[in-house]
Amino acid sequence: MTQYPNVPPFIENDEQEYLDSGVPSKVAVAGHPLHPLIVTFPIAFLVGVLGTDLGYWLTRDIFWSRASVLLLVAGLLTGLVAAITGMIDFLEIDRVRQHNAGWIHMIGNIIALLLSGISLFFRWEQPGDFILPIGLILSLIVASALGLTGWFGAELVYRHKIAVIGNGIQQRP
């Protein structure tokens, strides 16, 4: 029996996965999965929008609103690359889809990207006009969603051993 909790539907433990060596990513270089590497960029950029929105709220300096726009553009572009690499693993590795963590991770990140796109759309012409309060609320929701989806992404890697160097089977063992 594993030493870790089983709290369905959020935390799913499986004795066989605990003993399994894991399933390698379908998008890897020399066995190193790219998705966990790439996701650090959109996470940093999109969480940074919350920081620049707070900077604008506290100072009303247009610098912060322009910085938010640049971070949104960078976050969306890198987020699309991360989404492509993640979606390939989601579609190609059955074990990902067999866990709630895979679905929560995917759907939550799609929502975060969509909300970021909406936020960018409304900020494009006049970056400062949209920030208070809607833009700030959206950036808080996106940053929170990324924290949650990051947790479930880590569940996939560390608990379910997906996108690791191993020779496990594609299905749940």
Side-chain angles (χ1 to χ4, degrees), residues 1-50 68-121 138-173:
M1 175 119 190
T2 68
Q3 58 186 341
Y4 303 106
N6 189 36
V7 187
F10 302 108
I11 300 175
E12 305 165 290
N13 257 326
D14 185 318
E15 179 73 21
Q16 297 304 313
E17 283 182 346
Y18 182 73
L19 300 172
D20 185 48
S21 68
V23 179
S25 172
K26 296 295 183 177
V27 186
V29 174
H32 191 284
L34 294 182
H35 182 71
L37 172 70
I38 294 169
V39 298
T40 59
F41 294 101
I43 291 170
F45 293 139
L46 296 176
V47 170
V49 174
L50 177 59
S68 291
V69 168
L70 293 174
L71 287 170
L72 281 165
V73 169
L76 285 166
L77 291 175
T78 58
L80 289 173
V81 175
I84 290 167
T85 61
M87 188 57 73
I88 291 169
D89 278 348
F90 184 83
L91 295 173
E92 295 291 324
I93 301 173
D94 293 336
R95 192 186 292 191
V96 178
R97 295 185 312 279
Q98 293 168 344
H99 289 288
N100 291 332
W103 290 94
I104 295 169
H105 182 69
M106 180 202 53
I107 292 168
N109 284 324
I110 289 171
I111 290 169
L113 287 176
L114 287 173
L115 290 176
S116 295
I118 290 167
S119 186
L120 178 62
F121 176 79
L138 281 178
S139 62
L140 179 61
I141 292 169
V142 168
S144 300
L146 291 174
L148 181 70
T149 61
W151 172 275
F152 283 105
E155 285 285 303
L156 292 171
V157 173
Y158 298 113
R159 188 178 307 275
H160 304 300
K161 299 182 180 177
I162 297 167
V164 298
I165 296 174
N167 60 359
I169 59 173
Q170 297 290 315
Q171 302 282 332
R172 280 175 103 164

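Nothing fancy with the numbering, it's 1 onward along the sequence. Worth saying up front: this structure is predicted, and the values here are computed from it rather than measured.
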Trainee: Is any side-chain heavy atom of Leu72 closer than 4.5 Å to a side-chain heavy atom of Ser119?
Mentor: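 Yes, their side chains come closer than 4.5 Å.
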Trainee: Please confirm whether the backbone N or O of His160 pairs with a side-chain atom of Arg95, one donor and one acceptor, at under 3.5 Å?
Mentor: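 Checked: pair present.
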Trainee: Using atom types as modelled and distance alone, determine if a side-chain donor or acceptor of Arg159 lies under 3.5 Å from a backbone N or O of Ala154.
Mentor: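 No: the side chain of Arg159 does not pair with the backbone of Ala154.
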Trainee: The criterion is ring-ring contact (aromatic ring centres under 6.0 Å, His included); which residues satisfy it with Phe45, sequence neighbours excluded?
Mentor: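 ring-ring contact (aromatic ring centres under 6.0 Å, His included) list for Phe45, sorted by chain: empty.
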Trainee: How would you list, by chain and number, every residue that makes a side chain to side chain donor-acceptor pair (under 3.5 Å) with Thr78, sequence neighbours excluded?
Mentor: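 Partners of Thr78 under the side chain to side chain donor-acceptor pair (under 3.5 Å) test: none.
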Trainee: If a pair satisfies side-chain hydrogen bond (donor to acceptor under 3.5 Å, both in side chains) and one of its residues is in residues 27-41, list it, with sequence neighbours excluded.
Mentor: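 Qualifying pairs: His35-Thr85.
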Trainee: Please name the pair of heavy atoms, one in Val27 and one in Ile88, separated by the smallest distance, quoted to 0.1 Å.
Mentor: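 For Val27 and Ile88, the tightest heavy-atom pair comes out as CG2-CG2, 3.5 Å.
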Trainee: Using side chain to side chain contact (heavy atoms under 4.5 Å, CB included), reason through Leu146 and Asn109 one step at a time and then give a plain yes or no.
Mentor: CA-CA 7 Å; Leu146 291 174; Asn109 284 324; 3.6 Å; yes
Trainee: Test Ile162 against Val157 for side chain to side chain contact (heavy atoms under 4.5 Å, CB included), laying out the working first.
Mentor: CA-CA 5 Å; Ile162 297 167; Val157 173; 5.9 Å; no
Trainee: With rounding to the nearest 0.5 Å, note down the distance linking CG in Leu46 to CG in Leu71.
Mentor: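 CG of Leu71 is found 8.0 Å from CG of Leu46.
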Trainee: Considering all heavy atoms of both residues, which atom of Ala101 and which atom of Leu156 are nearest to each other, and what is their separation?
Mentor: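 Minimum heavy-atom separation between Ala101 and Leu156: CB-CD2, 3.9 Å.
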Trainee: Under the 3.5 angstrom rule, does the side chain of His105 hit a backbone N or O of Phe152 as a donor-acceptor pair?
Mentor: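 Not at all, since once roles are kept as given, no pair shorter than 3.5 Å links the two residues.
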Trainee: Please report the closest heavy-atom contact between Val142 and Ala112, naming both atoms and the distance.
Mentor: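 So the minimum-distance heavy-atom pair works out to CG2-O, 3.8 Å.
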Trainee: Would you say the side-chain atoms of Asp89 pair up with the backbone N or O of Ser25, donor to acceptor, closer than 3.5 Å?
Mentor: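 Answer holds: no.
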Trainee: Shortest non-hydrogen contact from Leu113 to Gly79?
Mentor: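 Scanning both residues completely, I find the closest heavy atoms to be CD1-O, 3.9 Å.
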Trainee: Quick one, Lys26 and Ile93 - any side-chain contact, counting heavy atoms below 4.5 Å?
Mentor: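 Answer yes - side chains close enough.
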Trainee: Does any N or O in the side chain of Arg97 come within less than 3.5 Å of the main-chain N or O of Gly102, such that one atom is a donor and the other an acceptor?
Mentor: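 Such a contact is absent between Arg97 side chain and Gly102 backbone.
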